[in-house]
Amino acid sequence: MAEKQKKQVEEITSMEDDFAQWYTDVVKKAELVEYTSVKGCMVIRPYGYAIWENIQRILDGMFKATGHENVYMPLFIPESLLEKEKDHVEGFAPEVAWVTHGGKEPLEERLCVRPTSETLFCEHYAHIVQSHRDLPKLYNQWVSVVRWEKTTRPFLRTREFLWQEGHTCHATAEEAWQETRQMLDIYARFCEESLAIPVIKGPKTESDKFAGAVSTLAIEALMHDGKALQAGTSHYFGDGFAKAFGIQYSNKENTLTYPHQTSWGVTTRLIGAIIMAHGDDNGLVLPPAVAPIQVVVVPIASHKPGVLEAARELAGRIGAFARVKIDESDNSPGWKFAQYEMQGVPLRLEYGPRDIEQGQCVLVRRDNGEKTTVPLAELEATIPAQLQALHDSLLQKAKDNRERHTYRCASLEEIKQALRENGDGFVYAMWCGEEACEDGVKEATGVGSRCIPFDQEQIADTCVFCGKPSQHMVCWAVAY
RNA sequence: CGGGACGUGGCGAAGUUUGGUAUCGCGCCUGCUUUGGGAGCAGGAUGCCGCUGGUUCGAAUCCAGUCGUCCCGACCA
């Protein structure tokens, strides 16, 4: 958690008192979300949606830069199509929503509202892939999907959620595997560079894989309350889906061959990650790269002649290089300060008669409350530098917090003790590879396997549960 | 889906035990005064008491059902 800062917003429950309530307060008070009359379906309000638009814009650029194209697949999947891949349908069946009627007429075959679109992409690839010259296919779509979750929470688990799903089709296993790794790296880079959230990369264990995948890679982030949040996944399918859906191409030797596939996705859950990774008792703290407003200008004594005009001119100048808003409402300055802090705006500029006279403005940073006086001549240099400094500081704080809450343990006792003494966090401990031991650790300590980090450490030589020789170091945690 | 708590103007609550005129604070509107950390005064508006049904002369209050929210489990991006 961030160093103690005076709590200035009274309407938000403090994190320490009740983290879950704090989260709910923030999403409501920062005007990200409004509930609707359908459970698990939320209105994403303009301020919240603008964060998503920024996430989309940056990620979409990264996808395009690596050769991907956007497409659109239908919302509905016929039951027979969904059932073609056995593991896949078993994984998703419990949470699909069904369309059974068109008007008053029952449908001949019921249609599922997509929970994910592997089946549709596969059907499509079966139609358009004939030759090795047709490969690879590097497709992505930005859509919403529906999963009929039992418990729901804004951004973290909703019944309908926005995401992007990439689906690619490659001639060789090697190439598909490279793609799987590449997209995971893009997600990890995006989290660090744009969201200031450090992540752990690695494969999921067998029991935790995506339904129908050969291998599932994930990025895991640590939240302020010590719980882990899966921030993105990238799956390697091998040729399993191709076989189930009859996708074949003629290779250079003119033999019919099954292609190898991948899929990968991130969701509006990332907004939940931002809230829980950077927020504090005064509300949201947004990383500048995705903040809808990077700089808010608050005119002081704006009724006095010339102040508003000067403030507008200031905002206009800043608009050339940052997303800026000037608040001309007649709310008091104090009200505005609290409001934009709650909404996590990275930088605030106070600008009043005193400043105008002295050719300066007062700049306040959201993350640490630091106030500095900036000569107007230095604005163009100072603001981008401060935005960058704020980003770096958020990332560093998140890394420090993760390090403080990462426990390297050689026994179940050590795990229990670490969690008891330091609270929830990432536990690094060895594992033999047996599912029984994975379950055993969860049963005994409460933490489940999150992933098998690519960056392995040799904590011990034996499985933390059964004592047999260990295969891997696993990252364990209580998860969202 | 199991266990618990809760739905009363936009928000937060009191009233529910023991049925009898719908209450308070904040916010909202109008005007004036204010403006460097959630401004002050005056006047004003806003309620199918979540929804459906039942009991009753009469229901926010009692009963049943249902929808939603939050917490704890199981499931999950």
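Numbered from 1 within each chain, the chains take letters A, B, ... in sequence-line order. Just the heavy atoms: all of them, side chains too, but no hydrogens, waters or symmetry mates, feed the values below. The model shown is predicted, which means the values in this text are computed figures rather than measured ones.
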Mark this stacking check for A/Phe161 against B/A77 as yes or no, applying ring centres under 5.5 Å and ring planes under 30°.
yes

For nucleotides B/U66 and B/C24, find the distance between their P atoms and express it as a whole number of Å.
37 Å

Look at all strands and tell whether A/Glu149 reaches a base, only sugar-phosphate, or nothing, counting heavy atoms closer than 4.0 Å.
base

Taking OP1 and OP2 of B/G36, is either one under 4.0 Å from a side-chain nitrogen or oxygen of A/Tyr351?
no

Is a side-chain donor or acceptor of A/Thr36 paired with a backbone partner of A/Cys41 at a separation under 3.5 angstrom?
yes

Indicate, with a heavy-atom threshold strictly under 4.0 Å, whether A/Gly448 touches base, sugar-phosphate, or nothing.
nothing

Atom CG of A/Leu217 and atom C1' of B/A77 are separated, to the nearest Å, by 15 Å

Taking atom P in both B/C48 and B/G58, compute the distance separating them and give it to the nearest angstrom.
22 Å

Dump the pairs, protein N or O against N or O of nucleotides 71-73 of chain B, anything under 3.5 Å, distances to one decimal.
| residue | atom | partner | partner atom | Å |
| --- | --- | --- | --- | --- |
| B/C71 | OP1 | A/Arg153 | NH2 | 3.3 |

Hey, does A/Pro154 reach any base, or is it just sugar-phosphate, or nothing, if we go heavy atoms under 4.0 Å?
sugar-phosphate

Before accepting this row, confirm whether a basic side-chain N of the pair A/Glu179/A/Arg181 lies closer than 4.0 Å to the acidic partner's carboxylate O.
no

Does a side-chain N-to-carboxylate-O contact under 4.0 Å join A/Arg159 and A/Glu149?
no

Give the rounded distance in Å between these two atoms: CZ of A/Arg114 and P of B/A77.
18 Å

Check whether any side-chain nitrogen or oxygen of A/Lys39 sits under 4.0 Å from OP1 or OP2 of B/U69, and answer yes or no.
yes

Strictly below 4.0 Å, N to O, side chains only: are A/Lys150 and A/Glu95 in salt-bridge contact?
no

Can you tell me, in whole Å, how much space there is between the C1' of B/G10 and that of B/G54?
33 Å

Pick base, sugar-phosphate or nothing for A/Thr233, based on heavy-atom distances below 4.0 Å to the nucleic acid.
nothing

Quick check on side chain to side chain contact (heavy atoms under 4.5 Å, CB included): which of A/Thr267, A/Ile271, A/Val266 does A/Arg269 satisfy it with?
A/Thr267

Whole-Å gap separating P (B/G36) and CD (A/Glu357)
17 Å

A/Arg45 CZ to B/G10 P, straight-line distance once rounded to whole Å
14 Å

Salt bridge check: are A/Arg365 and A/Glu370 linked by an N-O gap of less than 4.0 Å?
no

Please report the distance separating the P of B/U8 from the corresponding atom of B/G44, rounded so that it comes out in whole Å.
27 Å

Does the pair A/Arg189/A/Asp185 count as a salt bridge with the N-to-O cut at 4.0 Å?
no

For A/Val362, which contact category applies under a 4.0 Å heavy-atom criterion: base, sugar-phosphate, or nothing?
base

Any salt bridge between A/Asp280 and A/Arg366, counting N to O under 4.0 Å?
yes

Using a heavy-atom cut-off of 4.0 Å across all strands, would you classify A/Ser329 as base, sugar-phosphate, or nothing?
nothing

Does the gap between the ring centers of A/Trp264 and A/Tyr236 come in under 6.0 Å?
no

In Watson-Crick or G-U wobble terms, both distances under 3.5 Å, what is the partner of B/U21?
none

B/G9 to B/G47 separation - P atoms, rounded to the nearest Å
11 Å

Do any pairs count as a side-chain hydrogen bond (donor to acceptor under 3.5 Å, both in side chains) and have a residue in residues 294-316 of chain A, sequence neighbours left out, and if so which ones?
A/Arg312-A/Glu328

Taking a pair to mean Watson-Crick or G-U wobble geometry with both distances below 3.5 Å, B/G27 pairs with none

Using atom P of each nucleotide, how far apart are B/C62 and B/G7 to the nearest Å?
11 Å

Between B/G37, B/G38, B/C70, spot the one nearest the side chain of A/Tyr35, thanks.
B/C70

Pairing partner of B/G38 (Watson-Crick or G-U wobble, both distances under 3.5 Å):
none

Rounding to an integer number of angstrom, what distance separates B/U52 and B/A45 when you compare their C1' atoms?
31 Å

Here's one to test your reading of the geometry: is the NZ or CZ of A/Arg402 within 45 degrees of the ring axis of A/Phe426 and under 6.0 Å from its centre?
no

What distance, rounded to whole Å, do you find between the two P atoms, one in B/G43 and one in B/C26?
14 Å

Distance, rounded to the nearest Å, where A/Phe337 contributes CZ and B/A39 contributes P:
11 Å

Filtered N/O pairs between nucleotides 31-35 of chain B and protein, under 3.5 Å:
| residue | atom | partner | partner atom | Å |
| --- | --- | --- | --- | --- |
| B/U35 | O2' | A/Ala301 | N | 2.8 |
| B/U35 | N3 | A/His303 | ND1 | 3.4 |
| B/U35 | O4 | A/His303 | ND1 | 2.5 |

Using only modelled atom types and a 3.5 angstrom limit, is any donor from either the side chain of A/Arg348 or the base of B/G36 paired with an acceptor on the other?
no

Rounded off to whole Å, could you give me the CG-to-P distance for the A/Asp327 and B/G37 pair?
16 Å

What is the separation between atom CG on A/Asp281 and atom P on B/G37, rounded to the nearest whole Å?
21 Å

Could you tell me the separation between the CH2 atom of A/Trp335 and the P atom of B/G27, rounded to a whole number of Å?
11 Å

Thinking salt bridges, do A/Glu341 and A/Lys336 make one under a 4.0 Å N-O criterion?
no

Identify the nucleotide, in any strand shown, that forms a Watson-Crick or G-U wobble pair with B/C70, with both distances under 3.5 Å; if there is none, say none.
B/G4

